[in-house]
Amino acid sequence: KLGVPDQQFTALLARAPGYAKPLLRALLDSHENGNVDHKLKEMIRVQLARYAGDRYFGTLRSKRAAADGLDESRINAGCDDYLRDPRFTEAERAALEYADQMYRNPDANDAAFYARLKQHYSEAQIMEIGAFIADRRRSDDFRGGRARRRSRRRCAAWRAGICGEMARGRAAPHAEVHRRLRRASG
């Protein structure tokens, strides 16, 4: 119905039938139900998949979100310069930033940031968005994302934003970025 996850993922889950149904049900419930706009959750899902370098989940698209008017241009904008893009409301910007920070720098979500979120969302909606983000991050950790994030935190170029484009899926892998930086610096 949603198209996310697709049949390939479902077939993989079928190898462990005792876990497949509850896991798939939780995945679908968190994405399809609740009081937060499904299109916004889809943009967050793709944003986090791209940050994780997950080509599989980063290319899947929700059929429901597409039917509701979410197009690839808006998805790409939600993964890029959403803070300045005029297509996004302040509420959408806050939710996308929440996902961005929870994935890349959870300590940045301080009381002031939560107060900003509360200008646009109820406590229940903030919890829903946060749980959705946490579930996607947990899924990334399961696939090795924690090690990738740890190596990025140690990377001075990553912290300086020089190789940050890699997380958005537009640049070469991390090691290649550093080879280019070494060549450029001489």
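Look at Glu92 and Lys39 and you find no salt bridge, because none of the NZ, NE, NH1 or NH2 atoms lies under 4.0 Å from a carboxylate O. A salt bridge links Glu42 and Arg45; the closest N-O separation between the charged side-chain nitrogens and carboxylate oxygens is under 4.0 Å. For Asp71 and Arg74, the salt-bridge test fails: no basic side-chain N is under 4.0 Å from an acidic carboxylate O.
Remark: Asp85 engages Arg87 in a salt bridge (Lys or Arg N to Asp or Glu O under 4.0 Å) (not counting sequence neighbours). Contacts of Arg93 classified as side chain to side chain contact (heavy atoms under 4.5 Å, CB included), with partners at least two apart in sequence or in another chain: Leu83, Phe88, Glu90. A search for salt bridge (Lys or Arg N to Asp or Glu O under 4.0 Å) contacts involving Glu72 returns Arg50, Arg61, not counting sequence neighbours. Checked against side chain to side chain contact (heavy atoms under 4.5 Å, CB included), Thr59 has no partners two or more places apart in sequence or in another chain. For Asp68, the salt bridge (Lys or Arg N to Asp or Glu O under 4.0 Å) test picks out Arg64, with sequence neighbours left out.
Here Leu117 contributes atom CG and Gln119 contributes atom CD; the two are 9.0 Å apart, rounded to the nearest 0.5 Å. The distance from the CD1 atom of Ile75 to the CG atom of Leu70 is 4.0 Å, given to the nearest 0.5 Å. In this structure, CG on Asp100 lies 3.5 Å from OH on Tyr82, to the nearest 0.5 angstrom.
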### Message
The test is side chain to side chain contact (heavy atoms under 4.5 Å, CB included); show your working for Phe132 and Val36 and say whether it passes.
### Response
CA-CA 10 Å; Phe132 186 77; Val36 175; over 6 Å; no
### Task
Could you please spell out the steps behind the salt bridge (Lys or Arg N to Asp or Glu O under 4.0 Å) verdict for Lys41 and Asp37?
CA-CA 7 Å; Lys41 286 191 216 178; Asp37 180 59; over 6 Å; no
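When all heavy atoms of Ala94 and His120 are compared, the closest pair comes out as CB-CD2, 4.1 Å. Nearest heavy atom pair, residue Leu60 against residue Val46, reads O-CG2, 4.3 Å. Nearest heavy-atom pair, Leu48 versus Tyr103, reported as atom, atom and distance to 0.1 Å: CD2-CB, 3.6 Å. Listed here is the closest heavy atom pair of Ala95 and Leu40: CB-CD2, 3.6 Å. The two atoms that bring Ala65 and Ser62 nearest to each other are N-OG, 3.0 Å, heavy atoms only. Ala99 approaches Ile133 most closely through the heavy-atom pair CA-CD1, 3.4 Å.
Judged purely by atom type and a 3.5 angstrom limit, Gln125 uses its side chain to pair as donor or acceptor with the backbone of Ser122.
Between the side chains of Tyr121 and Asn35, not a single donor N or O lies within less than 3.5 Å of an accepting N or O.
Here side chain to side chain donor-acceptor pair (under 3.5 Å) pairs that include residues 105-116, with residues two or more places apart or in two chains, are Glu97-Arg116.
Two different hydrophobic clusters hold Leu96 and Met127 under the rule that ILVMFWY side chains link at heavy-atom gaps under 4.5 Å.
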